[in-house]
Chemist: 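Here you go, one structure.
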Amino acid sequence: MSSIAIIGAGPQLGLAIARTFGSQGFDVALVSRNRDNLDGLVGKLAAEGITAAAFPADVLDRDALEKALHDAAARFGGIDVLEYSPVGTFGATALTTPTETEPADVQLQIEFQLYGAIAATQAVLPAMREAGAGTLLYTTGAGSLDPVPQVGNVNAAAAALRNWAINLHKELDGTDIQAAHIGIDVSIGTPAVPGFPTAQPEEISPVYWDLHTTKRDQAELVFSL
């Protein structure tokens, strides 16, 4: 049985990705900070016939993140796909324009987006190398490609993650391990601002399946309307 670990699993895109892969027979490891929220998602997936389990961890706690992924691998016999898309707590993330940004404003975002992704990758990549197969998927907003001044600090860290993911794809070329970046150029579920393009998570999640299956040669896909 194949499995996917979703880092930052939540009730929108994370759940949709879980359903997309679960409907194809994948077991699902859900990783995020809140145990109660994860248990709710596990219950929803179980009601749909999808095997899932919760592994609480904060991406800023490297030891806890590594343990969660190792526990998931032990539970499901390995991790075939890693998807990384944690989201900060709404209203708690300080947003700064480029001229307002201090090093500390970017540091937390780098820890959250880039360093967390690196830690998660290091926890699963050795087993993928040994197996000779695997998929590593990293999600950011489209500000990683076309930055917006109002979220300058977040965009800077997202761009760093995008750069690293695409470079990882190049390094792993020819190994049967896919690494790719997904840029989301829409609001998910509800508009972030009036008039901004919006898509439902179920419209976006097939992109992840495509990168795992038919588009393994691609280092990046951007979802837009």
Chemist: Return the set of residues passing salt bridge (Lys or Arg N to Asp or Glu O under 4.0 Å) with Glu48 (not counting sequence neighbours), or none when no residue passes.
Modeler: Arg19

Chemist: To the nearest 0.5 Å, what is the distance between CD1 (Ile188) and CD (Glu202)?
Modeler: 10.5 Å

Chemist: Just verifying a value: how many Å separate Ile110 CD1 and Ile118 CD1, rounded to the nearest 0.5 Å?
Modeler: 9.0 Å

Chemist: Are Tyr84 and Thr121 packed together at the side-chain level, in the sense that at least one heavy-atom pair is separated by less than 4.5 angstrom?
Modeler: no

Chemist: Enumerate the residue pairs fulfilling ring-ring contact (aromatic ring centres under 6.0 Å, His included) with a member in residues 127-151, sequence neighbours excluded, ordered by first and then second residue.
Modeler: Tyr138-Trp164

Chemist: Can you name the nearest heavy-atom pair linking Ala64 to Ala57, along with the distance?
Modeler: O-CB, 3.6 Å

Chemist: Residues two or more places apart in sequence or in another chain: which of them pass side chain to side chain donor-acceptor pair (under 3.5 Å) with Thr140?
Modeler: Ser144, His181

Chemist: So if you build clusters from Ile, Leu, Val, Met, Phe, Trp, Tyr with side-chain heavy-atom gaps below 4.5 Å, do Ile50 and Leu13 land together?
Modeler: yes

Chemist: Would you call Leu225 and Phe223 a side-chain contact if the rule is heavy atoms closer than 4.5 Å?
Modeler: yes

Chemist: Return the CG to CD distance between Asn153 and Glu102, rounded to the nearest 0.5 Å.
Modeler: 11.0 Å

Chemist: Leu108: which residues meet the side-chain contact (heavy atoms from CB on, under 4.5 Å) condition with it, sequence neighbours left out?
Modeler: Leu60

Chemist: If you take all heavy atoms of Ala5 and Leu69, which pair is closest and at what distance?
Modeler: CB-CD2, 3.8 Å

Chemist: What residues, two or more places apart in sequence or in another chain, satisfy salt bridge (Lys or Arg N to Asp or Glu O under 4.0 Å) together with Glu203?
Modeler: none

Chemist: Listing request: all ring-ring contact (aromatic ring centres under 6.0 Å, His included) pairs with a residue in residues 197-221, at least two apart in sequence or in separate chains.
Modeler: Phe21-Trp209, Phe21-His212, Phe26-Trp209, Phe26-His212, Trp209-His212

Chemist: Using salt bridge (Lys or Arg N to Asp or Glu O under 4.0 Å) as the criterion, list what pairs up with Asp39, not counting sequence neighbours.
Modeler: Arg35

Chemist: Got a second to check how far Phe55's CZ is from Leu65's CG, nearest 0.5 Å?
Modeler: 12.5 Å

Chemist: Looking at Ala18 and Leu45, what are the two nearest heavy atoms and their distance?
Modeler: CB-CD1, 3.8 Å

Chemist: Quick one: salt bridge (Lys or Arg N to Asp or Glu O under 4.0 Å) pairs with a partner in residues 111-132, sequence neighbours left out?
Modeler: Arg62-Glu111

Chemist: I'd like to know if the side chain of Gln200 and the backbone of Gln12 have a donor-acceptor N/O pair within less than 3.5 Å.
Modeler: no

Chemist: With a 4.5 Å heavy-atom cut-off, do Ile17 and Leu137 have their side chains touching?
Modeler: no

Chemist: Rounded to the nearest 0.5 Å, what separation is found between the CG atom of Asp173 and the CD atom of Gln178?
Modeler: 9.5 Å

Chemist: Could you check if a side-chain atom of Tyr115 sits within less than 4.5 angstrom of a side-chain atom of Gln107, using non-hydrogen atoms only?
Modeler: yes

Chemist: Looking at residues at least two apart in the chain, or sitting in another chain, which of them share a side chain to side chain donor-acceptor pair (under 3.5 Å) with Thr175?
Modeler: none

Chemist: Between Asp185 and Asp146, does the side chain to side chain contact (heavy atoms under 4.5 Å, CB included) criterion hold? Intermediate values first, please.
Modeler: CA-CA 9 Å; Asp185 194 16; Asp146 184 15; over 6 Å; no

Chemist: Among side-chain atoms of Ser85 and Thr139, is any donor-acceptor pair under 3.5 angstrom?
Modeler: no

Chemist: With a 4.5 Å heavy-atom cut-off, do Ile204 and Val186 have their side chains touching?
Modeler: yes

Chemist: Compare every heavy atom of Ala9 with every heavy atom of Leu30, then report the nearest pair and how far apart it is.
Modeler: CD2-CB, 3.7 Å

Chemist: Linking I/L/V/M/F/W/Y whenever their side-chain heavy atoms sit closer than 4.5 Å, directly or via other members, would Leu114 and Val59 fall into one cluster?
Modeler: yes

Chemist: Check Val31 against Ala68 and note the closest heavy-atom contact, atom names and distance.
Modeler: CG1-CB, 4.3 Å

Chemist: Which residues, ordered by chain and number, are linked to Val151 in its hydrophobic cluster, where ILVMFWY side chains connect at heavy-atom gaps below 4.5 Å, directly or through other members?
Modeler: Leu95, Val148, Val154

Chemist: I'd like to know if the side chain of Ser3 and the backbone of Gly78 have a donor-acceptor N/O pair within less than 3.5 Å.
Modeler: yes

Chemist: Are Leu41 and Ile79 co-members of a hydrophobic cluster defined by side-chain heavy atoms under 4.5 Å apart?
Modeler: no

Chemist: To check you understand the geometry: which heavy-atom pair defines the closest contact between Arg75 and Ala53, and what is its length?
Modeler: NH1-CB, 3.4 Å

Chemist: Hydrophobic clusters join Ile, Leu, Val, Met, Phe, Trp and Tyr when side-chain heavy atoms are under 4.5 Å apart, directly or via other members; which others share one with Leu145?
Modeler: Val222

Chemist: If you group Ile, Leu, Val, Met, Phe, Trp and Tyr by side-chain heavy-atom gaps below 4.5 Å, do Phe76 and Val42 land in one group?
Modeler: no

Chemist: What's the spacing between Ile177 CD1 and Leu82 CG if we round to 0.5 Å?
Modeler: 12.0 Å

Chemist: With the 4.5 Å side-chain cut-off for hydrophobic clustering, are Leu125 and Ile7 part of the same group?
Modeler: yes

Chemist: So do the side chains of Met128 and Leu136 get within less than 4.5 Å of each other, counting heavy atoms only?
Modeler: yes

Chemist: When you compare the side chain of Glu220 with that of His169, does any pair of heavy atoms fall below 4.5 Å?
Modeler: no

Chemist: Is there a side-chain contact between Leu211 and Thr135 in this structure, where contact means two heavy atoms from C-beta onward sitting under 4.5 Å apart?
Modeler: no

Chemist: How would you list, by chain and number, every residue that makes a salt bridge (Lys or Arg N to Asp or Glu O under 4.0 Å) with Asp71, sequence neighbours excluded?
Modeler: Lys67

